[in-house]
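In what follows, a structure is listed as structure tokens, so that the remarks can point back to it.
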Amino acid sequence: MQQTSDAHQENRSDPHPEARPEARPAGDPPTGCPVAASAVAAGPTPALFSWEFAADPYPAYAWLREHAPVHRTRLPSGVEAWLVTRYPDARQALADARLSKNPVHHSEAAHGKGKTGIPGERGANLMTHLLNIDPPDHTRLRRLVSKAFTPRRVAAFAPRIQELTDRLIDGFAQRGSADLIHEFAFPLPIYAICDLLGVPPEDQDDFRDWAGMMIRHGGGPRGGVARSVKKMRAYLAELIHRKRADLGDDLISGLIRASDHGEHLTENEAAAMAFILLFAGFETTVNLIGNGAHTLLRHPAQRELLQKSLAAGDEELLGTAVEELLRYDGPVELATWRYATRELTLGGQRIAEGDPVLVVLAAADRDPARFDEPDVLDLTRRDNPHLGYGHGIHYCLGAPLARLEGQTALTTLLTRLPDFRLAAEPDDLRWRGGLIMRGLRTLPVEFTPEPSRPGAMP
């Protein structure tokens, strides 16, 4: 969970659902948009944010890295923003204190207000989470949340992740076919984060429905997402009230207990943090599992290498493999919004006060100036300081949980269904629309049916 995509970082289903519309004419920059001379000399700018671009954005990002590494463009929502595509510039921007996470610094005209955040979060009084605030508030809040969301808590959760993973695979293993997104990658992180937060089992299907609405509308109207956010907020307020009267060993109880020099999270802050852990965390992990499985299907030699390692009981390769999958085709395409608090220069471009800046993690993580053969999948890659979970103070708080879920899910798939294969033409797969996250709508597979397992729960 890159921060929980600066992703979990910060986040998205696209929590910022700028749908990918019909592409504007190539090379037609927004009014008033400066165009570098090198970009003009190289020809028209590739069309961005079309459905064709969504299927494979990497050639366009390569062009931007070479010819317009800090590029101003008009997004499908109508908001104008700077796209940062080179690794050094991206790393600088992610840690630059002059780039605020607080949307109050956005200078966009009135028609653009409210188009750069999670739909409904303002109306639901959920703005006070780590993705929207700066120091000193961010420092205080992150320190408090870190007291509850500890590495020890995540490590202790490993058996439950394995149990959920096996239970989901039990549901389709004997059938010989499945949609790995809807039947596996999507429900696993939802049920996992609900368990971790302390959402009672009888209420978890409601969270699955709300999360499904967020994904389904990730590239379309914001209203459906906003309604789900409002329902989730009302539920969390009621759950926090119940937990205060009967604290347990779950994350929400931990958030309530957390204190620093006598200072606790307010009820709004606790609700906002529980919300963003759900909202930001679940889809990041959906896409880590889905994109990871899809990438392994496309690279059979690398997949076989990993399977042989797992079959031999050697899990050393697993760690570097998951990091390489995050780099190669990660779940978070762009880091969430930043806004210049004063004029600054980035990658040779002047960024005006109030301008939005979007760091393109997918482009930076394939920068040939930083990664050897960046367009080659190498599961043994060790020099791999990818930015998939962000960098700086907004580094993903939920990264350990996302890694645990991704490693468990992919290991179990490769072990229990070793011959799973794509059950569709590669060109027929569709990627969800949206600006921040990158994930498949479906991933149909076939495999040799697994014999009935003792104790399996269909």
Pro151 versus Pro400: any side-chain heavy-atom pair under 4.5 Å?
no

How many angstroms lie between CG in Leu326 and CG in Asn384, if you round to the nearest 0.5 Å?
8.5 Å

Begin with the C-alpha distance, continue with both residues' side-chain angles, and end with the deciding distance and a verdict on side chain to side chain contact (heavy atoms under 4.5 Å, CB included) for Trp337 and Leu99.
CA-CA 9 Å; Trp337 298 83; Leu99 294 174; over 6 Å; no

Pairwise side-chain contact, Gln307 with Leu310, heavy-atom cut-off 4.5 Å (strictly under)
no

Taking atom CD of Glu405 and atom OG1 of Thr284, what is their separation to the nearest 0.5 Å?
10.0 Å

How long is the straight-line distance from CG of Leu401 back to CZ of Phe149, given to the nearest 0.5 Å?
5.0 Å

Rounded distance [0.5 Å steps], CE in Met437 versus CG in Asn287
4.5 Å

Side chain to side chain contact (heavy atoms under 4.5 Å, CB included) between Phe49 and Thr73: does it pass, once the steps are laid out?
CA-CA 11 Å; Phe49 312 120; Thr73 190; 4.2 Å; yes

How many angstroms lie between atom CG of Leu413 and atom CZ of Arg303, to the nearest 0.5 angstrom?
9.0 Å

Check Ile181 against Pro187 and note the closest heavy-atom contact, atom names and distance.
O-CD, 3.9 Å

Where do Asn291 and Tyr328 land on the side chain to side chain contact (heavy atoms under 4.5 Å, CB included) test, with the steps shown first?
CA-CA 9 Å; Asn291 294 6; Tyr328 184 81; over 6 Å; no

Taking the side chain from Arg366 and the backbone from Tyr58, do they hold a donor-acceptor pair closer than 3.5 Å?
no

Lys/Arg N to Asp/Glu carboxylate O, Glu163 vs Arg167, below 4.0 Å
no

Regarding Lys231 and Asp209, does a basic nitrogen lie under 4.0 Å from an acidic carboxylate oxygen?
no

Quick check on Asp314: does its CG atom have over 12 non-hydrogen neighbours (other residues, nucleotides or ligands) under 6.0 Å away?
yes

Is Ile393 close to Pro135 at the side-chain level, that is, under 4.5 Å between some pair of heavy atoms?
yes

Salt bridge or not for Arg416 and Asp166, using N-O below 4.0 Å?
yes

Would Arg327 count as a cation-pi partner of Phe371, with NZ or CZ less than 6.0 Å from the six-membered ring centre and within 45° of the ring normal?
yes

What heavy-atom pair brings Leu344 and Arg98 nearest, and what distance separates the two atoms?
CB-NH1, 3.6 Å

Looking only at side-chain N and O atoms, does Tyr235 offer a donor or acceptor that is under 3.5 Å from a partner on Asp203?
yes

Stepwise salt bridge (Lys or Arg N to Asp or Glu O under 4.0 Å) check, Arg72 with Asp355
CA-CA 10 Å; Arg72 187 172 173 88; Asp355 279 0; 3.3 Å; yes

Does some side-chain heavy atom of Met232 sit less than 4.5 Å from a side-chain heavy atom of Phe275?
yes

Which atoms form the tightest heavy-atom contact between Leu429 and Thr442, and what is the distance?
CD2-O, 3.9 Å

Criterion side chain to side chain contact (heavy atoms under 4.5 Å, CB included) on Val359 and Leu83, from CA distance to verdict:
CA-CA 6 Å; Val359 177; Leu83 302 181; over 6 Å; no

In terms of side-chain heavy atoms, does Gln162 have a donor or acceptor partner in Thr412 at a distance below 3.5 Å?
yes

Ignoring hydrogens, what is the shortest heavy-atom contact between Gly290 and Leu440? Give both atom names and the distance.
O-CD1, 4.4 Å

Are any non-hydrogen side-chain atoms of Asp195 and Phe157 less than 4.5 angstrom apart?
yes

Report yes or no: do Tyr191 and Asp205 form a side-chain donor-acceptor pair below 3.5 Å?
yes

Chi angles and distances behind the ring-ring contact (aromatic ring centres under 6.0 Å, His included) call for Tyr61, Phe53:
CA-CA 10 Å; Tyr61 288 149; Phe53 168 86; 5.3 Å; yes

Can you list every salt bridge (charged side-chain N to carboxylate O under 4.0 Å, His left out) pair that touches residues 179-189, not counting sequence neighbours?
Arg175-Glu183

Would you check if Asp378 and Glu373 make a side-chain contact, meaning some heavy-atom pair closer than 4.5 Å?
no

Please indicate whether Glu238 has more than 12 foreign heavy atoms, meaning atoms of other residues, nucleotides or ligands, lying under 6.0 Å from its CD.
yes

Before giving the answer on ring-ring contact (aromatic ring centres under 6.0 Å, His included), spell out for Phe282 and Phe207 the whole-Å C-alpha distance, their side-chain angles and the decisive distance to 0.1 Å.
CA-CA 11 Å; Phe282 92 88; Phe207 275 87; over 10 Å; no

Can a salt bridge be assigned to the pair Arg370 and Asp383 using a cut-off of 4.0 Å between side-chain N and carboxylate O?
yes

Which residues satisfy the salt bridge (charged side-chain N to carboxylate O under 4.0 Å, His left out) test with Asp329, sequence neighbours excluded?
Arg438

Taken in chain and number order and not counting sequence neighbours, the residues that satisfy salt bridge (charged side-chain N to carboxylate O under 4.0 Å, His left out) with Glu316 are Arg382

Assess whether a salt bridge exists between Arg403 and Glu323, defined as any Lys/Arg side-chain N lying under 4.0 Å from an Asp/Glu carboxylate O.
yes

Test item: Glu333 side-chain N/O and Leu361 main-chain N/O as donor-acceptor pair under 3.5 Å
no

